[in-house]
Amino acid sequence: MPVVRVDQLGDYVGEEVVIQGWLYNKRSSGKIRFLEVRDGTGIVQAVLIKNAVAPEVFSAYDSLTQESSVIVQGQVRADPRAPGGYELGVSGIRIVQVAEDYPITPKEHGIEFLMDHRHLWLRSRRQHAILRIRSEVVKAARDWLDDHGFILIDAPILTPTAVEGTTTLFETQYFDEKAYLTQSGQLYMEAAAMAHGRVYCFGPTFRAEKSKTRRHLTEFWMLEPEMAYADLEEDMRVQEELVSYIVQRVLEKRRRELEVLEREISRLEKISPPFPRLSYDDAVELVNGVIRARQAAGEEAAEGAPGREEREPVAELLEWGDDLGAPHETIISNQYDKPVFVHRYPVQAKAFYMKPDPERPEVVLCADLLAPEGYGEIIGGGQRIDDYDLLRQRLMEHGLPTEAYEWYLDLRRYGSVPHAGFGLGIERTVAWICGLPHVREAVPFPRLLNRLRP
RNA sequence: UCCUCGGUAGCUCAAUGGCAGAGCGCCCGGCUGUUAACCGGGUGGUUGCAGGUUCGAGUCCUGCCCGAGGAGCCA
């Protein structure tokens, strides 16, 4: 008798099969009883009819509790009344283990409770769908890069210094000296790109920032490609091709999961190259225009309608040189139905390694990619400084210890070339594609301010 | 670190300063096509912690703890 996975039941209509799984839920109407059995690939309804099964099989229903592990044998049949279209006419049940009172009942729960039970929450329909999409996002990204001449190079996680020197790092003891959990593999990828041309790393990164928003984790996964002999234009072209491919692959392979999440699929279908490009200068003008218009409208509306809706966060007017805040990014991304590049930020708003635009030294050749629907920055990237003297000067301007960066400066001593790269945040990308309210659901076991367990 | 909101049964929530309640879960019973099934009965409380005001505090005041949303910073 074949052991079959729920997602393949359609191939076994009329046959007697075995499903190995867990009881998701059960319902009864007296002499007919229903078991919802999940096996990791899907959920199937198993039907017990009193006059059609052995008494001990029929009564097994009574001892089965939610999430008990169970092996069910029965005949597969198509039935429009069954969720998923197929059901199992049960002939035998083997209870593997009777679960104790399962904490997550088929009702609503608060986020703290669910996060405390994350190890069990993973079994629920929504969380199951999200992590399958995450798996596809990672696989699609790696497939695209592998097919376009990129080599996977793993970056270290324990590092002696900050990469960017700005954000707070997690400190740890490394024998006799202090070490830090990496915040980016980029510097190492620059070294690897000089060896292999096009490379990428994929792994966890750590930020000890006390950020408490729907877009932040203290441990998150980042995909960081780096390309020798590439400029900002090439960098953006690769980004839009890669992101579009990821979205299209999810639409192709994980449509069912998107439906479980009730994601608006038409919004994702629009994601294809090219993405709009907005200079920082134009972005500031656009944002300030929207804010001024809103202020004007707000003053009028305030008189008659005290309870007017505020969907977008409150944003302050920008002055040239300010970095874009989250509310500004939301204003920008809401103007487009595709991700949008904002490029050429002021030098002072960006990291030390960003290459100045030769035509306008007050801006750097960088670009952030903002996801639609207010999901914020999913990519940050740009062209790196390839001139030795300028890089050394920038390190000093930023107060960074040049000794620690000698190896990085070596890359500009020995065969320096124009090069560019970017970092793609996996959780933000998954949250956007899935339409999640918070990135904490886009990773199996989130690490947040105030959450280290489970 | 700052701003806003919250903490009552295992869970989600209700309760003018005046007898702490409902739904779900769980237990018992009923139902031959259920879809978070439904119906009847039962079970379930240190109202986050410590003080204070009051005849009387879940409710008002002070401090603390915890959580959520947002800001800054970033992917």
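In what follows, every chain begins at residue 1, and chains take the letters A, B, ... in the order their sequences are listed.
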So which one's nearest nucleotide on RNA chain B is more toward 5', A:F34 or A:T65? A:T65
Throw together a table of side-chain donor-acceptor distances under 3.5 angstrom for residues 48-57 of chain A, partners on residues two or more places apart or in other chains.
none

Could I get the full list of salt bridge (charged side-chain N to carboxylate O under 4.0 Å, His left out) partners for A:D323, not counting sequence neighbours? none
What residues in residues 103-112 of chain A put a non-hydrogen atom under 4.0 Å from any atom of RNA chain B? A:T105, A:P106, A:K107, A:E108, A:H109, A:G110, A:I111, A:E112
Using the C1' atom as the point on both nucleotides, what is the distance between B:rA9 and B:rC5, in whole Å? 24 Å
Using the C1' atom in both, what is the distance from B:rG58 to B:rG45, to the nearest Å? 11 Å
Using the test ring pair (Phe, Tyr, Trp, His ring centres under 6.0 Å), find all partners of A:Y12 that sit at least two apart in sequence or belong to another chain. none
Given A:I379, which of A:V243, A:D368, A:L242 fulfils the side chain to side chain contact (heavy atoms under 4.5 Å, CB included) condition? A:V243
Using residues 438-446 of chain A as the side-chain source, report each donor-acceptor pair under 3.5 Å to any protein atom, sequence neighbours left out, with the distance given to one decimal.
{"unit_1": "A:H438", "atom_1": "ND1", "unit_2": "A:R440", "atom_2": "N", "d": "3.0"}
{"unit_1": "A:H438", "atom_1": "NE2", "unit_2": "A:T213", "atom_2": "O", "d": "3.3"}
{"unit_1": "A:E441", "atom_1": "OE1", "unit_2": "A:Q127", "atom_2": "NE2", "d": "2.8"}

Distance between C1' atoms of B:rU47 and B:rC66 (Å, rounded): 16 Å
Listed nucleotide nearest any side-chain atom of A:S211, set B:rC73, B:rA71, B:rA75: B:rC73
Hits for salt bridge (charged side-chain N to carboxylate O under 4.0 Å, His left out) against A:E219, two or more places apart or cross-chain, chain-then-number order -> none
Under-3.5 Å donor-acceptor pair between A:K212 side chain and B:rA71 base: no
Determine the Euclidean distance between corresponding P atoms of B:rG51 and B:rC28; express it in Å to zero decimal places. 43 Å
With heavy atoms under 4.0 Å as the rule, sort A:F113 into base, sugar-phosphate or nothing. sugar-phosphate
Does the side chain of A:R198 reach to within under 4.5 Å of the side chain of A:H419, using non-hydrogen atoms? no
Would you write out the dot-bracket form of RNA chain B, 5' to 3', with Watson-Crick and G-U pairs under 3.5 Å, [ ] for crossing pairs, | for pairs to other strands and . for unpaired bases? (((((((..((((....[..))))((((((.......))))))....(((((..]....))))))))))))....
Hey, does A:R440 reach any base, or is it just sugar-phosphate, or nothing, if we go heavy atoms under 4.0 Å? sugar-phosphate
Between B:rC27 and B:rC13, how far apart are the two P atoms, rounded to whole Å? 24 Å
What's the CG-P distance between A:L370 and B:rC74, to the nearest Å? 14 Å
Can you measure A:Y86 atom OH to B:rU34 atom C1' for me and round it to whole angstrom units? 20 Å
In whole Å, measure the gap between the C1' atoms of B:rA57 and B:rG52 for me. 11 Å
Check this one for me: any side-chain N or O of A:R215 less than 4.0 Å away from OP1 or OP2 of B:rA71? yes
Just the rounded figure in Å: distance from P of B:rA75 to CG of A:L424. 11 Å
Is A:R126 touching bases, backbone alone, or none of the nucleic acid, heavy atoms closer than 4.0 Å? nothing
Nearest listed nucleotide, side chain of A:N450, among B:rA75, B:rG67, B:rG33: B:rG67
Under 4.0 Å between any heavy atoms, over every strand shown, what does A:E427 touch: base, sugar-phosphate, or nothing? Just pick one. nothing
Contacts of type side-chain contact (heavy atoms from CB on, under 4.5 Å), residue A:Q348, not counting sequence neighbours: A:W320, A:P346
Between B:rC3 (P) and A:K210 (NZ): distance, integer Å: 15 Å
Using whole Å, what does the distance between atom C1' of nucleotide B:rA75 and atom CD of A:E329 come to? 10 Å
Rounded distance in Å between the P positions of B:rC2 and B:rG17: 31 Å
Identify whether any heavy atom of A:H117 sits under 4.0 Å from a base atom; if not, whether one sits that close to sugar-phosphate; answer base, sugar-phosphate or nothing. nothing
Which whole number of Å gives the distance between the P atom of B:rU53 and that of B:rG42? 42 Å
Nearest-nucleotide check on RNA chain B, A:K350 vs A:A82; residue mapping nearer the 5' end is A:A82
Is A:E87 touching bases, backbone alone, or none of the nucleic acid, heavy atoms closer than 4.0 Å? base
Which residues satisfy the ring pair (Phe, Tyr, Trp, His ring centres under 6.0 Å) test with A:H128, sequence neighbours excluded? none
When all nucleic acid strands are considered with a 4.0 Å heavy-atom cut-off, which category describes A:G376: base, sugar-phosphate, or nothing? nothing
Rounded distance in Å - CD (A:E100) to P (B:rC27): 13 Å
Quick one: does NZ or CZ of A:K350 land under 6.0 Å from the six-membered ring centre of A:Y345, within 45 degrees of the ring axis? yes
Provide, to the nearest angstrom, the distance between the CZ atom belonging to A:F352 and the P atom belonging to B:rC74. 14 Å
Heavy atoms from other residues, nucleotides or ligands near CD of A:E262 exceed 12 (cutoff 6.0 Å): no
CD (A:E316) with more than 12 external heavy atoms under 6.0 Å: no
For A:D7, enumerate each residue passing the salt bridge (charged side-chain N to carboxylate O under 4.0 Å, His left out) test, keeping only those at least two apart in sequence or located in another chain. A:R5
Here the side chain to side chain donor-acceptor pair (under 3.5 Å) pairs for residues 372-385 of chain A, sequence neighbours left out, are A:E226-A:R384, A:R263-A:E373
Where do N or O atoms of nucleotides 28-32 of chain B meet protein N or O atoms at under 3.5 Å, pair by pair?
{"unit_1": "B:rC31", "atom_1": "N3", "unit_2": "A:G30", "atom_2": "N", "d": "3.1"}
{"unit_1": "B:rC31", "atom_1": "N4", "unit_2": "A:S28", "atom_2": "OG", "d": "3.3"}
{"unit_1": "B:rU32", "atom_1": "OP2", "unit_2": "A:K31", "atom_2": "N", "d": "3.2"}
{"unit_1": "B:rU32", "atom_1": "O4", "unit_2": "A:N51", "atom_2": "ND2", "d": "2.1"}

Rounded to whole Å, how long is the line connecting atom CG of A:L169 with atom C1' of B:rC73? 13 Å
